[in-house]
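Quantities reported herein were computed from a predicted structural model and do not represent experimental measurements. In what follows, chains carry the letters A, B, and so on, assigned in the order in which the sequence lines appear, proteins first and then strands, with residues in each chain numbered from 1.
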There are 2 protein chains.
Amino acid sequence: MIAIGEAARQSGVGIETIRYYEREGIVPRPARAANNRRLYSAQDVGRLRFLKRCRDLGFSLGDAKALLDLSEGGAADCAEVSALAQRHMDSVRRKIAELQRLEAALGELTANCAEGSVDCPMLGRLRMA
Amino acid sequence: MIAIGEAARQSGVGIETIRYYEREGIVPRPARAANNRRLYSAQDVGRLRFLKRCRDLGFSLGDAKALLDLSEGGAADCAEVSALAQRHMDSVRRKIAELQRLEAALGELTANCAEGSVDCPMLGRLRMA
DNA sequence: ATAAAACCTGTAGCCACTACAGGATCAAGC
DNA sequence: GCTTGATCCTGTAGTGGCTACAGGTTTTAT
């Protein structure tokens with residue numbers, strides 16, 4: 001059993017974030033030492049690492065918790081997992097498309113905006129009626 | 001001079017958002033009618049539309065305000081504008097790259113996760129030590 | 001003995017809105 | 001004149017997912 005700082009180091013999840021996950025019920029309350037300090041088992045650290053990986057993959061905290069629950073709940077229902085992953089993949093693709101649209105629009109807007117023209121063409125176009 | 005609802009319609013900025021911009025000092029306080037209702041001029045609406053366009057291009061509200069100030073401040077300093085736009089473009093490109101990395105990682109993770117396997121391979125990999 | 005590090009609880013701040021609650025006023029139809 | 005519904009007002013709280021204190025206790029190292 002290790003203290004919260006060591007659990008943070010081993011899982012990659014920040015100390016304050018671990019306490020936040022506990023408050024929010026994302027992870028179960030850990031054991032406590034006689035001095036009231038939190039004590040984490042290897043399983044606790046595993047959960048935190050799992051959550052970190054989900055967050056790094058861009059899953060919402062809610063989805064991350066759902067995946068963790070699926071992972072812990074005996075029958076790892078692959079269909080449910082891949083449906084969740086598929087929805088997330090779709091949203092990632094939509095975001096990419098949206099950002100590429102933005103990139104193109106920004107490129108167009110700044111195209112003539114290189115030299116020290118007195119009336120900036122980008123501002124002009126943003127002002128257009 | 002028009003009421004806030006009409007200003008919202010003409011600019012595309014929501015009513016609550018307009019009041020929020022006013023509270024935050026993004027736009028100047030508009031005129032008021034005798035009954036204390038806000039009254040917007042064509043210039044006010046133009047400002048809101050300008051801000052809407054900046055936000056739609058993904059600029060932060062702070063950057064949008066900076067662009068608006070540059071636009072209003074006589075000498076439209078093109079260099080400053082394009083520096084701001086360039087920084088934003090860079091951040092958009094970084095976000096695209098990051099999301100494409102995510103997309104690839106998600107694809108790999110769910111590759112073997114199609115059939116009703118008892119032990120979901122995606123969860124397995126998320127659990128890996 | 002003392003200093004620094006680590007821990008505790010609880011609260012507030014970040015961004016850019018959005019959604020109320022609870023009230024005042026206005027416009028249109030009868 | 002009266003009712004109904006739309007619009008407006010102020011002020012506050014909630015969203016996601018942390019992050020950063022403040023102000024305290026305890027542990028660890030010198």
Those residues that, when tested against A:E108, pass side-chain hydrogen bond (donor to acceptor under 3.5 Å, both in side chains) (two or more places apart): none

Among all residues two or more places apart in sequence or in another chain, which pass the side-chain hydrogen bond (donor to acceptor under 3.5 Å, both in side chains) test with A:R9? A:E6

Among residues two or more places apart or on two chains, list those pairs meeting side-chain hydrogen bond (donor to acceptor under 3.5 Å, both in side chains) that have a residue in residues 44-53 of chain A. A:S41-A:D44, A:D44-A:R47, A:R47-A:E72, A:K52-A:D56

What are the residues of residues 85-103 of chain B, sorted by number, that bring a heavy atom to within less than 4.0 Å of DNA chain D? none

For residues 42-72 of chain A, which residue pairs pass the ring pair (Phe, Tyr, Trp, His ring centres under 6.0 Å) check, not counting sequence neighbours? A:F59-A:H88

Per-nucleotide protein contact string for nucleotides 22-30 of chain D (B base, S sugar-phosphate only, - none; heavy atom under 4.0 Å): ----BS---

Reading nucleotides 10-20 of chain C from the 5' end, what letters show protein touch, with B for base, S for backbone sugar-phosphate only, - for no heavy atom under 4.0 Å? ------BBBBB

Qualifying residues under side-chain hydrogen bond (donor to acceptor under 3.5 Å, both in side chains), relative to A:N35, sequence neighbours excluded: none

side-chain hydrogen bond (donor to acceptor under 3.5 Å, both in side chains) against B:R19, all qualifying residues, sequence neighbours excluded: none

Sub-3.5 Å pairs of nitrogen or oxygen atoms, protein against nucleotides 1-5 of chain D:
none

Contacting residues from residues 4-12 of chain A, given that a heavy atom lies under 4.0 angstrom of DNA chain C: A:I4, A:G5

Is there a side chain to side chain contact (heavy atoms under 4.5 Å, CB included) between A:R87 and A:D90 once you walk through the steps? CA-CA 5 Å; A:R87 269 198 303 278; A:D90 289 350; 5.5 Å; no

Strictly by ring pair (Phe, Tyr, Trp, His ring centres under 6.0 Å), give each pair with a member in residues 8-41 of chain B just once, sequence neighbours left out. none

Output yes when at least one side-chain N/O atom of A:R38 is less than 4.0 Å from OP1 or OP2 of C:dA6, else no. no

